[in-house]
Amino acid sequence: MRRRRGIRGSSLIEIITATSISMLVLLVGCATFVLGMETWFRGQARLDANEASQQAVREIAMELREAMSVTVDAGGQGLSFRRPLKDVNGDYVQPITWDGVARRIQLDGSNNLQVTASDGTAARTLCKSVIFTDPLSPGGTGAYQLFNAGAGAITRSLTVMVVTRRGLYRQETVTSRSRETIFLRNIPQLTQ
């Protein structure tokens, strides 16, 4: 009789060992994937918050650089401004006069930073989810002012700071803070 050599099945212990090793590799791979996704979501939220606060500060700067008068509220949470009149070509009308539209930048009731105008145009949202605490203050809970006017009777410079918050899953949040000093081109004869 001949014996068959080389043909042999797997034992139960070998199958259990191979399955255990495969499951361990699969679990480590899944855990690495989940951790990577959490890191990606956190980074994406941080980028969104940074972009929102920086964009708001840029848009405020664009709005105010043409302003002929700027008045900051006592609490620093809003401001009013006027622009000079322009002709159909976009040039300033001489002598410089106000265009007749009172404009305002302030927070609405749902923490959105908006620009409103008295001419009936719709309010434009500059930034959503603005918060009232500065994360870089001692303890991270200090209040801040959105707008700080420079020294002097006529506002020539204005420091704008916007802090935004973006939510993650699991009730985690990330914040971003942007700050810029804007130098205004006010016309003294018209601001007094």
Side-chain angles (χ1 to χ4, degrees), residues 42 44-86 92 96-168 171-192:
R42 190 173 291 113
Q44 188 65 38
R46 182 161 284 123
L47 286 173
D48 289 345
N50 283 339
E51 182 180 348
S53 64
Q54 290 172 2
Q55 181 68 23
V57 169
R58 277 193 302 272
E59 288 188 33
I60 291 169
M62 287 175 39
E63 289 281 339
L64 296 179
R65 285 211 171 99
E66 285 187 348
M68 52 192 275
S69 75
V70 175
T71 306
V72 178
D73 296 351
Q77 299 302 325
L79 61 83
S80 300
F81 64 101
R82 296 178 175 183
R83 284 192 180 158
L85 184 63
K86 293 183 179 182
Y92 295 115
I96 300 293
T97 58
W98 175 37
D99 68 358
V101 179
R103 293 173 177 86
R104 184 149 176 76
I105 301 175
Q106 65 184 4
L107 289 171
D108 68 1
S110 57
N111 293 346
N112 296 329
L113 192 60
Q114 292 188 330
V115 177
T116 55
S118 66
D119 65 352
T121 56
R124 185 168 54 100
T125 300
L126 298 175
C127 187
K128 296 180 179 181
S129 302
V130 175
I131 60 173
F132 298 103
T133 57
D134 182 5
L136 298 180
S137 65
T141 58
Y144 72 98
Q145 292 182 340
L146 286 168
F147 306 105
N148 279 320
I154 298 171
T155 304
R156 294 282 185 194
S157 67
L158 180 73
T159 301
V160 178
M161 186 165 87
V162 177
V163 180
T164 58
R165 174 181 290 158
R166 292 293 186 261
L168 297 170
Q171 279 67 32
E172 292 180 45
T173 59
V174 294
T175 58
S176 173
R177 175 183 126 159
S178 294
R179 182 178 174 161
E180 182 177 335
T181 299
I182 303 166
F183 293 96
L184 308 171
R185 297 180 228 162
N186 293 342
I187 301 165
Q189 306 90 295
L190 299 174
T191 58
Q192 295 179 359

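None of the values given here were measured: they were computed from a predicted structure.
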Asks: Looking only at the side chains, is there a donor atom on one of Ser129 and Arg165 sitting less than 3.5 Å from an acceptor on the other?
Replies: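 No - no donor-acceptor pair under 3.5 Å links their side chains.
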
Asks: Do Asp73 and Arg104 make a side-chain contact, defined as non-hydrogen atoms from C-beta onward lying under 4.5 Å apart?
Replies: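 Heavy-atom side-chain distance check passes, below 4.5 Å.
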
Asks: For a quick test of reading the model, state the closest non-hydrogen atom pair linking Gln145 to Gln77 and the distance between them.
Replies: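 In this case the closest contact between Gln145 and Gln77 is CA-NE2, 3.7 Å.
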
Asks: Please find the pair of heavy atoms, one from Tyr144 and one from Val130, that lie closest to each other, and give the distance.
Replies: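 Reported closest heavy-atom pair: OH-CG1, 3.7 Å.
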
Asks: At what distance, to the nearest 0.5 angstrom, does CD1 of Ile60 lie from CG of Leu113?
Replies: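 Reported to 0.5 Å precision, the distance equals 4.5 Å.
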
Asks: Hey, what do you get for CZ (Arg46) to OG1 (Thr175), rounding to the nearest 0.5 Å?
Replies: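 With rounding to 0.5 Å, CZ (Arg46) is 7.5 Å from OG1 (Thr175).
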
Asks: Would you check if there is a donor-acceptor pair between the side chains of Asn50 and Ser176 at a distance under 3.5 Å?
Replies: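 Note: Ser176 and Asn50 side chains meet the donor-acceptor criterion.
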
Asks: Considering only distance and modelled atom types, tabulate donor-acceptor pairs under 3.5 Å from the side chains of residues 119-126, sequence neighbours left out.
Replies:
from	atom 1	to	atom 2	distance (Å)
Asp119	OD1	Thr121	N	3.2
Asp119	OD1	Thr121	OG1	2.9
Arg124	NH1	Glu59	OE1	2.9
Arg124	NH2	Glu63	OE2	2.3
Thr125	OG1	Gln114	NE2	3.2

Asks: Answer yes if the side chains of Thr181 and Thr159 hold a donor-acceptor pair under 3.5 Å, and no otherwise.
Replies: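 On atom types as modelled, these side chains qualify, holding a pair under 3.5 Å.
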
Asks: Which heavy-atom pair separates Leu184 from Leu64 by the least distance, and what is that distance?
Replies: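 That would be CD2-O, 3.4 Å.
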
Asks: Using side-chain heavy atoms (C-beta onward) and a distance below 4.5 Å, is Phe183 in contact with Arg156?
Replies: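 No, every pair of side-chain atoms sits at 4.5 Å or beyond.
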
Asks: Check whether any side-chain heavy atom of Thr97 sits under 4.5 Å from a side-chain heavy atom of Pro84, and report yes or no.
Replies: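 Sidechains of Pro84 and Thr97: no contact.
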
Asks: To the nearest 0.5 angstrom, please state how far the CG atom of Asn111 sits from the CD1 atom of Ile131.
Replies: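 Taking CG in Asn111 and CD1 in Ile131, the distance rounds to 9.0 Å.
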
Asks: Salt bridge check, Asp134 against Arg177: does any charged N sit closer than 4.0 Å to a carboxylate O?
Replies: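 Yes.
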
Asks: Quick one, Asp108 with Thr116, criterion side-chain contact (heavy atoms from CB on, under 4.5 Å). Give me CA distance, side-chain angles, the key distance, then yes/no.
Replies: CA-CA 10 Å; Asp108 68 1; Thr116 55; over 6 Å; no

Asks: At their closest point, which heavy atom of Val72 faces which heavy atom of Phe147, and how far apart are they?
Replies: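 Taking every non-hydrogen atom into account, CG1-O, 3.7 Å.
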
Asks: If you round to the nearest 0.5 Å, how far is CG of Leu158 from CG of Asn148?
Replies: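 The CG atom of Asn148 sits 7.5 Å away from the CG atom of Leu158.
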
Asks: Any side-chain heavy atom of Val160 sitting closer than 4.5 Å to one from Ile182?
Replies: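 Yes. Closest side-chain heavy atoms under 4.5 Å.
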
Asks: Quick one: do Glu180 and Arg65 make a salt bridge, cutoff under 4.0 Å?
Replies: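 Yes.
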
Asks: Got more than 12 heavy atoms from elsewhere within 6.0 Å of CZ, Arg179?
Replies: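 For Arg179, atom CZ is not crowded (no more than 12 foreign heavy atoms under 6.0 Å).
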
Asks: Charged N to carboxylate O under 4.0 angstrom, Glu66 versus Lys86?
Replies: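 Looking at Glu66 and Lys86, the cut-off is met.
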
Asks: What is the distance from atom OG of Ser69 to atom CZ of Arg83, rounded to the nearest 0.5 Å?
Replies: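 Rounded to the nearest 0.5 Å, the OG-CZ separation comes to 12.0 Å.
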
Asks: List the steps, then state whether side-chain contact (heavy atoms from CB on, under 4.5 Å) holds for Cys127 with Thr164.
Replies: CA-CA 8 Å; Cys127 187; Thr164 58; 3.2 Å; yes

Asks: Might you point out which heavy atoms bring Leu107 and Phe132 nearest each other, and give the distance in Å?
Replies: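 Closest approach of Leu107 to Phe132, heavy atoms only: CD1-CE2, 3.1 Å.
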
Asks: Please report the shortest heavy-atom distance between Ser178 and Gln54, naming the atom on each side.
Replies: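 Minimum heavy-atom contact is OG-CG, 3.1 Å.
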
Asks: Closer than 3.5 angstrom, by distance alone: can the side chain of Ser118 be matched with the main-chain N or O of Ala102 as a donor-acceptor pair?
Replies: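 Side chain of Ser118 to backbone of Ala102: a pair is present.
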
Asks: Is it true that Lys128 and Asp48 make a salt bridge, defined as a side-chain N closer than 4.0 Å to a carboxylate O?
Replies: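 Salt bridge between Lys128 and Asp48, a charged N being under 4.0 Å from a carboxylate O: no.
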
